[in-house]
J.: 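Mind having a look at this structure? Questions to follow.
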Amino acid sequence: MGDDIYRVILDHGMAGVWDWNMSTGEMYMSPQLKSAFGYADDELENRVEALTELMFPEDLVMVMAEIEKHLQNGAKEPYRAQPRFKHKDGSIVYINCTGMVTHWDIDGKPLRMVGCHIDITKQKQSELKLKKTKELLNKTNLSVRLGGWEYDVVNNKVAWTRVTKQIIGVPLDYEPDPNTRLNFYKEGEHRERIHQATAHAIATGEGFDMEVILVTANGQELWTRAIGNAEFEDGKCVKLFGTLQDINEQKQIKQELQNSEDRFKSAFENSTIGMAIVSPEGQWLKVNRQLVECLGYTQDELNQKTFQEITHPDDLDADLELLDKLLSGEVNNYQMEKRYFHKNGQIIWALLSVSLVRNGEGQPMYFVSHVQDITDKRNKEEQIKETLKVVGQQNERLLNFAYIVSHNLRTHAGNFQSLIDLVNDPHTDPNEREHYLQLMQNVSEQLNETIVNLNDVVSIQTKTNLQKVPVNLNEYVNKTVKVLSREIAEHNVIVNNHIPGDAEVEYHPAYLESILLNFFTNSIRYRSHTRRPEITLKYAVIDGAGILSVADNGKGIDMQKHGKNLFGMYKTFHGNSDARGVGLFITKNQIEAMGGRIEVHSEVDKGTTFNVYI
């Protein structure tokens, strides 16, 4: 009767219970107990092996050891254990197991044991999750070197976490002294700041967050971030708690970045070359003093412009093409010579060097541009080119002159020598000797003419600083017409002077007279015999250069045949007996001596046009 009542109580209890007959091995398990493992009442046999087979082997060893201790202690207190069991669905069930021997035989051998099993799976899972969370938190704190601390103000006790001890460099079993807990901060400013901050927090409850240096157990200085908060009860501070983080590496990186920025700023501001920070869209973000002086704009004025706006249009496409290559990663930087417009409108030549700064994701942030003013260099290069051009022209003239001297004088000298030999020959007839003497006089006259021509050429070559003065071109043409009025009237020449009456040029007067006389006399000399001679003169200013045009309707010149030798000395093309081939040579030298040039257009039997660029 008593056992039946007891069993009803067990069967309807919230916890699973069991009753083990230690002599026979039989074990009663309540439906609640079997249900904890996922079984119905009739699915598990009432024997101890049915229960122990569900238990994890290593946990069974642990439970048996606890039972052995229980027996050795006389079963005065229940044994307790938390073994794991295998649920029917394969999951793990955590059980809080309590048991106790209730009957013994006369020899002291245990006969009966009863116990209670409580399913603590959810609790255990929560504990394990909490443990994993703590482990993860510890690992995270360790990776970022973030420790915790607590100061019990009431009991004057200090607690440091594992990471805090690692930061300070003390053993894990180190117990901090509450009276010297702040002494590991660097003596002086840093220790004083942390003392004041903690005292203020205790007094007012106001927390703190500061960066201070501490000195580790091995004497190393570290930058740390100390955060503290206060806990109050009944208006009094009972606890301070917070975190301690090692920020030494971040601080060093920040300092290095600051040093780098300071160096860049110093180099940027004090550079002898213009420097600028330019947005990907071309906006001037920042410029240094040298660039301001170079371009003439203030920083504020440049901020309102893009580099495209002040770039010479002939250089813009090339610049933008290189910029696209830089943005696409095709090149790391580029360099080019380009022109900018100064604020006053002048053109500034610059050597531009550009590099691109990207962010961590590789996106363009800004361009760093170096702008070196090379205007003087470019001007000197142009001067050198012009000088070389002049030297080249002079060399060409000198070679021509040398050829004339060597050829013509040698020819005259040879003629003289031959005639002298004939005159001195005793076998020469007196009448022939007289003839040879006449020939020598002719050679002498030709030699004299050659020397005069060569002297004119030398005069032009050596006069490099001929003075130019303003002269009225129309008046000089009319003056030439008067000088040649007899020839013009004799050959019934029509002169069309279309030069404006106010046309004025800077020129050497004697050269201008010589040039006009040569053009007029050539046009008359090489006139066509099938039409009335006509000379037309015009003057115009094109692209800043004055152009004097002298055109005739004469015989013309075969340019394919004679074009290359047209301005050579002693070069004639029409077979005229009075032609010497000196006029055009002299004219070309005079025009070039004035810094100009001459062009000719001619067709046989249609006429010739000379264009003189002044």
J.: Does Glu599 come within less than 4.0 Å of Arg597, counting only side-chain N to carboxylate O?
T.: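 Looking at Arg597 together with Glu599, the answer is yes, because their closest N to O distance falls below 4.0 Å.
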J.: Judged by atom type as modelled, is there a donor-acceptor pair below 3.5 Å linking the side chain of Arg531 to the main-chain atoms of Asn553?
T.: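 Here the side-chain-to-backbone pair exists.
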J.: Between Glu381 and Lys377 (salt bridge meaning N to carboxylate O under 4.0 Å), is one present in this structure?
T.: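 Yes, charged N to carboxylate O under 4.0 Å.
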J.: Looking at Glu534 and Arg527, is any side-chain nitrogen of the basic one under 4.0 Å from a carboxylate oxygen of the acidic one?
T.: no
J.: Under 6.0 Å between the ring centres of Trp223 and His190?
T.: yes
J.: Stepwise, does the side chain to side chain donor-acceptor pair (under 3.5 Å) test hold for Gln299 with Asn303?
T.: CA-CA 6 Å; Gln299 168 78 68; Asn303 286 345; 2.8 Å; yes
J.: Carefully, step by step, assess Asp552 and Lys606 under the rule salt bridge (Lys or Arg N to Asp or Glu O under 4.0 Å).
T.: CA-CA 8 Å; Asp552 64 45; Lys606 288 188 177 181; over 6 Å; no
J.: Please check: side-chain N/O of Arg193 versus main-chain N/O of Glu211, any donor-acceptor pairing under 3.5 Å?
T.: yes
J.: Would Asp209 and Arg225 pass as an ion pair if we require N to O under 4.0 Å?
T.: yes
J.: Is the shortest side-chain N to carboxylate O distance from Glu592 to Lys588 below 4.0 Å?
T.: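 So Glu592 pairs with Lys588 through a salt bridge.
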J.: Donor-acceptor pair, Ser271 side chain versus Ile273 backbone, under 3.5 Å?
T.: yes
J.: Between Lys254 and Glu249, does any NZ, NE, NH1 or NH2 come within less than 4.0 Å of an OD or OE carboxylate oxygen?
T.: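 Lys254 and Glu249: not salt-bridged.
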J.: Quick one: do Asp314 and Lys338 make a salt bridge, cutoff under 4.0 Å?
T.: no
